Amino acid sequence: MKLEKSIELYTRGKKHLVGAVNSPVRAFKSVGGVPIFIDKAKGSKIYDVDGNEYIDFVLSYGPMILGHRNSVVEKTVKKYMKNGYTFGASTKGEIIMAEMVCDAFPGMDKVRFVNSGTEAVLSALRLARAFTGKNKIIKFAGCYHGHSDALLVAAGSGLATLSIPGSKGVPDEAVKNTLIAEFNNIKSVERHLRKGDVAAVIIEPIAGNMGVIRPTDKFIKELRELTKSHDVLLIADEVMTGFRSKFGGAQELLGFEADITCLGKVVGGGFPVGAYGARNEIMEMVSPLGDMYQAGTLSGNPIAMACGIATLKELKKRNPYEDFNKTAAFLEREMKTAAKENGIDLHVNRFGSMINPFFTKVPVVDFKTAQTSDTDKFKTFFWKMMENGVFLPPSQFEAWFLDTAMTKRDIYKVRTAIRLAMKAVANKHK
Ligand SMILES: *Cc1c(COP(=O)(O)O)cnc(C)c1O
């Protein structure tokens, strides 16, 4: 595999960028070797600076659900570029976008757009505290909610892979009101709720940042009832799952309604957009209607809104969710068969267009079981997939994503790569 130009850029980049990246997972630290640098992408394919072509399962960690540079989206973005980039005053696009989002999520009467998932979630916590007048937040081990201070505990993916217990620079006071519960374990939530002063429980309703883990129907149902009976808000962090699991996100799929919903990733179609929303009674706390302050110079950016609107419209029209399911089921079967033929312990978790294998004997239902995965095996698997033209997230604990641009031919190519990669794992890890 030729990576000379990536190596050159990596070496050069390290001088003035931290680890040559702007987000840690891009440094490929948990799979070793040199991170690839991207030249361009189109449809289901992404190309690095050495000219290697890959079928893209990273998709910028979720946003590119229509594949790269969908022609309708690209045309729309180009058109809006001509009108100017940002105004610091409102545009019609923000209203259309808000109508589309509130239509997709019945629990949202009003929405506020921000610039990232991190920002959406930290604002949602402030809102929950403002609305309830209470201080504590319950989060689940292994769920990631962005990099704000209060949520950088037991936070999955990047942190899970590096085994860092949180992060340096976060004062104890910032996390003293953050309580940790176990995913799929309602008793662990109940225990915290009994102590009182809880403003909200925040959850990735389908976890995607410790690998893909789905909640049991019973757990979600009980979580909704329990929070309601304690007058505690339920925050669905659908930054990854919004418009990805289904148009109405994990809430539509699992059949529940959160009090506050956070969005990001797909909602911007590749531009920086985050959002949080809730019923009127809650959103009326937010400035300028209420006394909870939250603002943003570039929030609701017109180009980002245009891209988001075009992406959501196209997505709604295509309704690809059943096809995603079928493709994911095919990939699951292929991975399991290849693993079995090679005597490798493997579990595959998937939900809609999110899927990933865990190299473990144990069914993965929470953070603890996710961590039984053999990350060395994943490392071997990852590089063999790359060699055979499949770009995967460079971590055992990141979900792979599907897009509507993937063809049958792409998927057969992936199948071949899977077979070769499982063989390589068996050979290397006897
Ligand atoms: C990606 C992600 C975030 C953070 O979003 P950013 O745009 O990276 O700040 C928050 N929550 C979940 C569930 C995510 O997947």
Side-chain angles (χ1 to χ4, degrees), residues 21-27 57-65 105 112-128 137-161 167 178 183 200-215 234-245 249-251 253-254 258 260-277 294 296 298-299 301 304 307-308 311 349 351-356 367 370 393-395 397-401:
V21 298
N22 282 301
S23 195
V25 71
R26 297 180 202 163
F57 281 83
V58 178
L59 296 171
S60 194
Y61 294 89
M64 307 315 295
I65 196 165
F105 290 82
R112 168 63 59 84
F113 292 110
V114 292
N115 303 293
S116 68
T118 295
E119 226 186 305
V121 174
L122 76 87
S123 309
L125 292 195
R126 187 180 301 151
L127 178 56
I137 302 289
I138 299 174
K139 85 175 275 292
F140 294 92
C143 284
Y144 177 68
H145 302 292
H147 67 86
S148 67
D149 279 359
L151 290 164
L152 271 188
V153 268
S157 64
L159 295 163
T161 314
S167 163
T178 309
F183 202 80
V201 177
I202 183 164
I203 187 168
E204 283 182 75
I206 295 160
N209 285 292
M210 47 180 161
V212 179
I213 300 180
R214 72 160 289 174
L234 180 58
I235 304 175
D237 179 354
E238 296 231 40
V239 170
M240 189 182 285
T241 51
F243 304 103
R244 180 161 274 290
S245 314
Q251 291 174 71
L253 202 59
L254 302 170
I260 304 178
T261 300
C262 300
L263 298 168
K265 298 188 171 126
V266 172
V267 79
F271 279 79
V273 180
Y276 64 99
Q294 185 273 308
L298 294 177
S299 294
N301 174 274
C307 184
T311 300
N349 281 5
F351 216 57
S353 58
M354 291 155 55
I355 178 168
N356 78 297
F367 191 44
S395 159
F397 303 106
E398 298 279 357
W400 312 357
F401 297 106

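Just so we're clear, the structure is a prediction, and the values are computed from it rather than from any experiment. Counting starts at 1 for both ligands and their atoms, in listed order.
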field: Ligand-side contact atoms (ligand 1) for residue partner Ser116, heavy atom cut-off under 4.0 Å
entry: 7 (O), 9 (O)
- request: Do me a favour and list the nearest non-hydrogen protein atom to atom 5 (O) of ligand 1 with residue, atom name and distance?
  value: Gly117 CA, 3.2 Å
- prompt: With a 4.5 Å limit on heavy-atom distance, are the side chains of Phe401 and Ile65 in contact?
  reply: no
- prompt: Nearest protein heavy atom to atom 8 (O) of ligand 1, by residue and atom, and its distance?
  reply: Thr118 OG1, 4.5 Å
- prompt: Counting N and O atoms only, with roles assigned by atom type, does the side chain of Glu204 sit under 3.5 Å from a partner on the main chain of His145, one being a donor and the other an acceptor?
  reply: no
message: Below 4.0 Å, non-hydrogen atoms only: which portion of Glu204 touches ligand 1? Side chain, backbone, both or neither.
response: side chain
field: Minimum-distance protein heavy atom relative to atom 3 (C) of ligand 1
entry: Val239 CG1, 3.7 Å
- prompt: Among all protein non-hydrogen atoms, which one is nearest to atom 11 (N) of ligand 1, and what is the separation to 0.1 Å?
  reply: Asp237 OD2, 2.7 Å
- prompt: Hey, what do you get for CZ (Arg26) to OG (Ser60), rounding to the nearest 0.5 Å?
  reply: 6.5 Å
field: Validation row, ring centre Phe243 to ring centre Phe105 under 6.0 Å
entry: yes
field: Donor-acceptor pair, side chain of Arg214 and main chain of Phe351, under 3.5 angstrom
entry: no
field: N or O pair under 3.5 Å between Glu119 and ligand 1
entry: no
query: Heavy atoms only: which of Lys265, Arg244, Met240, Glu238 is nearest to atom 2 (C) of ligand 1?
result: Lys265
message: Using a 4.0 Å heavy-atom cut-off, which part of Asn209 comes near ligand 1: side chain, backbone, both, or neither?
response: side chain
- prompt: Can you check whether Met354 reaches Trp400 side chain to side chain, under 4.5 Å on heavy atoms?
  reply: no
message: Under 3.5 Å, is there a donor on one side chain and an acceptor on the other for Gln294 and Arg112?
response: yes
